[in-house]
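Okay, so here's the structure we're looking at.
Ligands are counted one by one from 1 in listed order, and the atoms in each one are counted from 1 as well. Just so it is clear, the model here is predicted, and its values are computed rather than measured. What's counted below: heavy atoms across the whole structure, side chains too, no hydrogens, waters or symmetry copies.
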Amino acid sequence: MDIKTACIHYSSPQLNEGPVVSPIYQTSTFRFRDFQHGADLFAGKTHGYIYSRMLNPTVELLEDCIAQLEGGTKALATASGMAAIQTVFTGLCSSGDHIICSESVYAPTAGLLHNYLSHLGITSSFIDSSDIEQVKSAFQADIKLVFIETPGNPTLVISDIAQIARLCRDRGALLVVDNTFSSPILQRPLELGADIVIHSVTKFLNGHADVVGGIIVVRDENLYQRLRKTLNFFGGVMAPFEAFLVLRGIKTLALRMERHCENAQKIAQFLENHPKVNWVRYPGLPSHPQYQLAKRQMSRAGGLISFELKGGLAAAQRLLNATRLFILAVSLGGVESLIQHPASMTHASMPVELRIRTGITDGLIRLSVGIEDVNDLIADLDQALQKV
Ligand SMILES: *Cc1c(COP(=O)(O)O)cnc(C)c1O
């Protein structure tokens with residue numbers, strides 16, 4: 001079945017009878033039929049629901065859905081993308097373990113490793129994972145887990161998932177891919193050899209900017225069991241209403257991704273030819289340093305664009321105050337187009353040297369291109385750039 005169909009016709013035991021759209025199981029706890037039923041549920045002898053921190057039918061339906069879209073065996077929905085990342089790190093690593101992470105990464109992921117995992121004795125190092133030689137030399141140490149984000153935030157550098165997966169397998173390390181920027185429509189890391197995929201479902205999967213949530217998808221049943229236990233103890237689970245909204249959002253995921261990609265491609269070309277722009281990073285432009293790799297690994301180039309304005313911070317301030325359709329806000333992946341300034345917003349917490357080294361200069365702008373009419377979006381950028 002094509003993934004466009006699977007967004008609507010995923011399978012789950014819950015969908016075999018009853019309503020076409022599943023109800024929201026807005027309950028914290030579940031009635032046992034009798035003593036034995038309760039005891040069997042706790043012993044894991046029968047499938048069912050005990051308490052909503054452990055498992056909830058609405059949330060489980062979302063887990064079934066996304067597991068299928070990503071080609072995984074099982075999934076775990078979490079209260080946020082960060083809860084998904086935290087669950088993976090704390091569930092699979094312990095004191096003395098080492099993690100390698102892409103340096104072009106969602107800033108709180110780096111902050112979590114730096115400021116909290118280090119207190120637990122879990123150390124980490126940051127590399128440019130788009131440079132395979134850097135990945136190879138990082139493997140000289142003992143590594144428990146490699147965490148990559150591709151395309152990376154906000155510079156959109158691309159890392160070679162299949163090649164890094166082979167290195168991980170040779171060394172017995174787990175490969176975790178943050179697939180938030182692509183969604184399973186554009187890229188499926190498990191098929192390329194990754195062990196775990198995480199998403200902030202807040203972004204493209206939900207797509208309507210009205211939910212914060214996360215998901216972990218795994219191929220291996222044992223990993224699933226370990227992570228389920230971790231999630232149950234730490235407690236960062238998704239609520240049923242959020243799961244319902246994300247299930248609703250996913251029905252149009254394939255359709256939305258098509259328009260995000262189409263619009264972003266045209267806007268990237270417009271910006272690349274604009275005299276006030278130094279350079280544009282978009283995986284669908286031949287000028288992207290990993291253009292060929294992007295074509296192999298992703299079916300299309302996605303909805304995120306970053307570009308550097310001539311004129312640095314002052315120019316960035318003017319532009320961000322001048323757009324009318326592009327909303328000045330962080331986050332991404334919603335139907336509405338957003339614009340933000342990574343150096344003073346999403347990546348302001350990054351040490352300055354690292355920020356500059358990874359290309360997050362004062363003139364860098366990040367766009368999340370929505371599904372509006374592309375000519376309206378280009379006209380908006382055009383009038384805003386005239387004010388720069
Ligand atoms: C937003 C985001 C996260 C964190 O997700 P939340 O839902 O905000 O906790 C992680 N990774 C990437 C790439 C993101 O864009």
Say whether [X] and [Y], considering side chains only, have a donor N or O and an acceptor N or O under 3.5 Å apart.
X: Gln225; Y: Lys229; result: no
X: Tyr49; Y: Glu60; result: yes
X: Ser102; Y: Ser129; result: yes

Protein residue, atom and distance nearest to [atom], heavy-atom basis:
atom: atom 4 (C) of ligand 1; result: Tyr106 CE2, 3.3 Å
atom: atom 2 (C) of ligand 1; result: Lys203 NZ, 2.5 Å
atom: atom 11 (N) of ligand 1; result: Asp178 OD2, 2.7 Å

Between [X] and ligand 1, is there a nitrogen or oxygen pair with a distance under 3.5 Å?
X: Thr109; answer: no
X: Asn153; answer: no
X: Glu149; answer: no
X: Leu332; answer: no

Worksheet item: When you measure from the side chain of Ser368 to the backbone N and O of Gly333, does any donor-acceptor pair fall under 3.5 Å?
Response: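 Indeed, once roles are kept as given, a pair shorter than 3.5 Å links the two residues.
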Discussion item. Can a donor-acceptor pair be found, under 3.5 Å and without considering hydrogens, that links the side chain of Ser124 to the backbone of Ile100?
Written reply: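 Side chain of Ser124 to backbone of Ile100, a donor-acceptor pair under 3.5 Å: no, none is there.
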Practice prompt. Answer whether the closest heavy-atom distance between the side chains of Glu149 and Cys101 falls below 4.5 Å.
Written response: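 Sidechains of Cys101 and Glu149: no contact.
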Practice prompt. Considering non-hydrogen atoms only, spot the tightest contact between Gly152 and Phe181 and give its length.
Written response: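 Nearest heavy atoms, Gly152 then Phe181: O-CE2, 4.1 Å.
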Worksheet item: Does Ala84 have a non-hydrogen atom less than 4.0 Å from ligand 1?
Response: no
Practice prompt. Using a strict 4.0 Å cut-off to heavy atoms of Thr202, name the atoms of ligand 1 that fall inside it.
Written response: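 Heavy-atom distances to Thr202 below 4.0 Å select 7 (O).
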Worksheet item: For ligand 1, which atoms sit closer than 4.0 Å to a heavy atom of Met82?
Response: 4 (C), 5 (O), 6 (P), 9 (O)
Discussion item. Suppose we call two aromatic rings close when their centres sit under 6.0 Å apart. Are His114 and Phe126 close by that rule?
Written reply: yes
Worksheet item: Which one of Gly81, Ala79, Gly213 has a non-hydrogen atom at the shortest distance from atom 6 (P) of ligand 1?
Response: Gly81
